[in-house]
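Encoded as structure tokens, the structure appears first; notes follow it.
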Amino acid sequence: MLTAVYSLNQVYGAEIWVVFAGGCAAVYLAVCCLFRRNRRKRGIGVALLGLLGAELICDSVWASAFYPGGEYCNYGLGGSYMLLLAWPGLLFLAGLIVAALNGKE
């Protein structure tokens, strides 16, 4: 999401990118809170660490793909697919890992 916020001044339509990223994060946290084991103190901490880990990985991918060398590179429709699949996919993977870690208690 940091790459999306950085893009606000440079990319036309980056507001949609920021809203999409924030919405996906909100849905991730809402789904994590549906399970009782994720609502405990340790469960919330693990869910937030999962969100942070997915954020760091996704921002690294987005920054290296869209800002190689510091300048924005427009990939057109292919780039929008990467935007739409990378973040929710990583959040889904993080949710599975969080559920597995919190289920071991």
Side-chain angles (χ1 to χ4, degrees):
M1 186 173 328
L2 296 174
T3 306
V5 171
Y6 177 73
S7 299
L8 283 174
N9 294 333
Q10 300 177 4
V11 181
Y12 177 75
E15 299 85 15
I16 298 169
W17 188 2
V18 172
V19 169
F20 174 75
C24 285
V27 168
Y28 165 80
L29 290 173
V31 168
C32 280
C33 288
L34 287 176
F35 301 102
R36 183 178 302 252
R37 62 181 174 244
N38 290 341
R39 287 187 294 222
R40 290 181 268 208
K41 185 186 262 187
R42 180 183 183 278
I44 291 171
V46 172
L48 289 175
L49 284 175
L51 177 67
L52 182 63
E55 167 70 26
L56 291 175
I57 292 170
C58 194
D59 266 342
S60 299
V61 169
W62 282 349
S64 64
F66 290 111
Y67 289 97
E71 287 289 320
Y72 176 72
C73 183
N74 188 356
Y75 291 106
L77 192 58
S80 65
Y81 287 134
M82 188 175 99
L83 285 175
L84 292 175
L85 296 176
W87 180 232
L90 283 170
L91 286 177
F92 179 74
L93 182 63
L96 290 177
I97 293 170
V98 164
L101 288 175
N102 286 337
K104 290 184 178 182
E105 294 179 8

Pairs flagged by side-chain hydrogen bond (donor to acceptor under 3.5 Å, both in side chains) wherever residues 14-29 is involved - sequence neighbours left out: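 Listed once each, the pairs would be none.
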Mind listing the closest non-hydrogen atom pair of P88 and C24 along with its distance?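 Smallest interatomic distance, heavy atoms only, reads CG-SG, 4.0 Å.
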Do L93 and V98 share a hydrophobic cluster, counting only Ile, Leu, Val, Met, Phe, Trp and Tyr and linking them when any side-chain heavy atoms are less than 4.5 Å apart?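 Linked, L93 and V98 end up in one cluster.
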Would you kindly confirm whether V31 and I97 end up in one hydrophobic cluster when ILVMFWY residues are joined by side chain heavy atoms under 4.5 Å apart?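 No, it is not one cluster - the side chains of V31 and I97 are not joined through contacts under 4.5 Å.
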With sequence neighbours excluded, tell me which residues meet ring pair (Phe, Tyr, Trp, His ring centres under 6.0 Å) with Y67.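 Y67: ring pair (Phe, Tyr, Trp, His ring centres under 6.0 Å) contacts with Y6, Y72.
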With sequence neighbours excluded, tell me which residues meet ring pair (Phe, Tyr, Trp, His ring centres under 6.0 Å) with Y75.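 Only F66 meet the ring pair (Phe, Tyr, Trp, His ring centres under 6.0 Å) criterion with Y75.
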Rounded distance (nearest 0.5 Å) linking atom CG of L101 with atom CZ of R37: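 Spacing of CG (L101) from CZ (R37) equals 10.5 Å.
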So, the side chain of N38 versus the backbone of C32: is there a donor-acceptor pair under 3.5 Å, distance only?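 Checked: pair present.
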Hydrophobic cluster (4.5 angstrom, side-chain heavy atoms) - remaining members for L96: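 Joined to L96, directly or through intermediates: F92.
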Can you list, pair by pair, the side-chain donor-acceptor contacts under 3.5 Å of residues 43-65, counting residues two or more places apart and other chains?
residue : atom : partner : partner atom : Å
E55     : OE1  : M1      : N            : 3.1
E55     : OE2  : M1      : N            : 2.5
E55     : OE2  : L2      : N            : 3.3
D59     : OD1  : M1      : N            : 2.8
D59     : OD1  : L2      : N            : 3.4
D59     : OD1  : T3      : N            : 3.3
D59     : OD1  : T3      : OG1          : 3.2
D59     : OD2  : M1      : N            : 3.2
D59     : OD2  : L2      : N            : 3.0
S60     : OG   : L56     : O            : 2.8
S64     : OG   : S60     : O            : 3.0
S64     : OG   : V61     : O            : 3.1

